[in-house]
Amino acid sequence: MTAQDQSDRNGFLNRLRGSPMGWRLRLAVFVLLLVTVATVWITNSLLTSRFTESTRNRAELRLALYSGNLLSELRRNSIVPQLLSRDPTLISALQSSDYTLSTQRLISFVEEIGAASLVLLDGDGLTVAATDRNRLGEGHRSSPYFIDAMRSNATIFSVIPREAGGYSFVYSRRIEANAEILGVIVVEVDLQKFERAWAGISDAVMVTDSTGAIILSTEPQWRGLEEGSAILRQPPQSAIQRAIRATTDWNALPPDAYLQGEAVMRMETRIPFRGWQMTSFTTYSSIRERVNSVLALEIMAFAILLALTFYALSRRATSRMTLFQRESAELRALNARLQREIAERERVEKTLEVAEQTLAQSSKLAALGEMSAAVSHELNQPLAAMKTYLAGARLLLRRNRPEEALASFGRIDGLIERMGAITRQLKSYARKGADAFSPVNLGEALASSLSMMEPQLRQRHVKITQILPEVPVIVMGDRMRIEQVMVNLLRNALDATKSVAEPDVEIILAAGDTAVLTVRDNGHGIEDIENLFEPFYTTKRPGDGVGLGLAISSGIVNDHGGRLTARNGQQGGAVFEMQLPILGSDGLEAAE
């Protein structure tokens, strides 16, 4: 990327981040949203608490009114049996068994009293007079209100289940004259009118007796059941009934509770009549509606304010849209130039990689040529010796001394083997290494490398000190490439000791967690260790090397999972260490 391209890109990004005014507008929008949420939350909390309290007060007032009306009706009707038991007309009719005027008499009373019905029973429990003429002749001898009234001298109150459902509430009292029991007067109280009145409100109301059974309720299906069982009896239809239906134990709930999305308020009061209790259930729907109406107004106001803010932002964004479009086009052009430059760099890198590989092989062959020159000098000596041995063997054969001639031929055979070993080493070094690894004995590889470097070592009179372990040191790798690294290290050591009067090279092979080969010389040391393994870095004179030996050696060691390091010795000179993963006995057996 050129300097101009970088400058254009930075300028575009700086403009894209926006001016301080844009950040202030975004901050104002964020603050407005926070204020809206806080205001709605506080308003909801305050209004809900306020409206809930007022709804609770109204529910308590209604419950007190309902219970008072019910108690008033019961007390007013409780006096009627006592008054009718002293009526002379009814007493005379029971004594004379003439009931022609009794029914009309009871009808006249029921209109004044407001009772549901009046029934006159004789001493055998037979209906002799009733406001409902269809009931004349009915037998009530086994009815509880007849039996209890005959046995008691007081007014009896009874709750009688109906066959069609619901209950009848009955006052009964015996009629007697001159210590003779003549019959029983029965007054049925009309409490169903309260159920009909309660059905027109939004509350659910029920009355339970001392045993907990529901005797009056706005839900007909609840009558005769306990509160928990009544709630589970039938799926309710109204919102309040759905809220009640969601629980099986109202007593375990607080007065205010949210049940399956419906909030209810449970109120109860005791009726001072035979242990009766009245319970009402009020929904929070009216509270929610009132609160929501206020919240809707607040949200609408904030929405209008927010819309105006967004409108101002959109106007500003529109004015900058043209600038952004132009800068986007510039950025696309910049990206196209960058892509072309990246493609060109990738092509150059590939070309450079091929050149490095070619140069590395060239360096290797150059080193091979240098060693070949030295080895060719070494081959001259075996050839000269072979010529001498052949001449001696020919002379011995002429003198008829074949045994001595055979000894000369044996010496010639040894020289030929040595020459073949030298040429084989040169051939293997000239080839590129294979990718397949095999177990390599580092001691044998070191001996082979020293054998290859023997002419240079002998010519320079370098003192070689070897410290080798007693047991073989085996690694997994390519022997030819490992020997190539060893030869490079030995050549560097020889080159480093050219200006030393008594050159000395120490070679140490150790085995522990890893296999370590150390090559130490007594030269002048390393000046620039950081760049030592960089390609084309060399401290040799022109013509002595191209600076790829250590770079190639480091790559080979890395390919084997090891590490090649260099440092200056404490007593001078350079120290090179090649560390390779050692092959254990299990791995060696598997490889074999």
Side-chain angles (χ1 to χ4, degrees), residues 15-63 198-205 218-219 231 235-248 250 252-268 279-325 328:
R15 291 191 298 272
L16 192 62
R17 293 188 182 98
S19 62
M21 179 61 70
W23 285 109
R24 285 196 292 270
L25 288 175
R26 293 181 179 87
L27 181 61
V29 173
F30 180 73
V31 171
L32 179 60
L33 291 176
L34 289 180
V35 172
T36 301
V37 173
T39 303
V40 171
W41 184 82
I42 294 174
T43 302
N44 177 70
S45 178
L46 294 178
L47 293 181
T48 300
S49 177
R50 179 179 177 183
F51 293 156
T52 299
E53 187 64 25
S54 62
T55 301
R56 189 189 307 277
N57 293 336
R58 289 196 299 271
E60 291 178 350
L61 181 62
R62 284 196 300 270
L63 194 62
W198 298 337
I201 61 175
S202 60
D203 294 359
V205 181
T218 54
E219 290 291 333
I231 293 173
Q237 301 300 324
S238 63
I240 178 62
Q241 292 165 353
R242 288 196 302 271
I244 297 173
R245 182 70 172 82
T247 181
T248 59
W250 276 99
L253 293 174
D256 302 326
Y258 286 91
L259 304 173
Q260 294 184 351
E262 291 290 339
V264 295
M265 182 186 302
R266 184 178 187 274
M267 309 293 295
E268 64 180 7
T279 305
S280 68
F281 304 101
T282 305
T283 64
Y284 284 93
S285 58
S286 60
I287 299 174
R288 197 70 264 159
E289 291 173 358
R290 296 168 66 184
V291 173
N292 288 344
S293 62
V294 178
L295 296 181
L297 293 176
E298 289 185 349
I299 294 174
M300 184 181 299
F302 282 113
I304 294 173
L305 182 59
L306 188 62
L308 294 176
T309 304
F310 284 143
Y311 175 74
L313 291 176
S314 64
R315 292 279 297 179
R316 185 173 180 271
T318 302
S319 63
R320 298 182 62 187
M321 186 62 66
T322 305
L323 177 62
F324 286 162
Q325 290 177 351
S328 297

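Since this is a predicted model, take the numbers as computed values, not measurements.
- Proximity of Asn57 to Glu60: side-chain heavy atoms (C-beta onward) are separated by under 4.5 Å at one or more points.
- Residues Leu63 and Thr279 share a closest heavy-atom pair of CD1-C, 4.4 Å.
- With sequence neighbours excluded, no residue satisfies side chain to side chain contact (heavy atoms under 4.5 Å, CB included) with Val37.
- If you take CD1 on Ile304 and CD1 on Ile299, they are separated by 12.5 Å, rounding to the nearest 0.5 Å.
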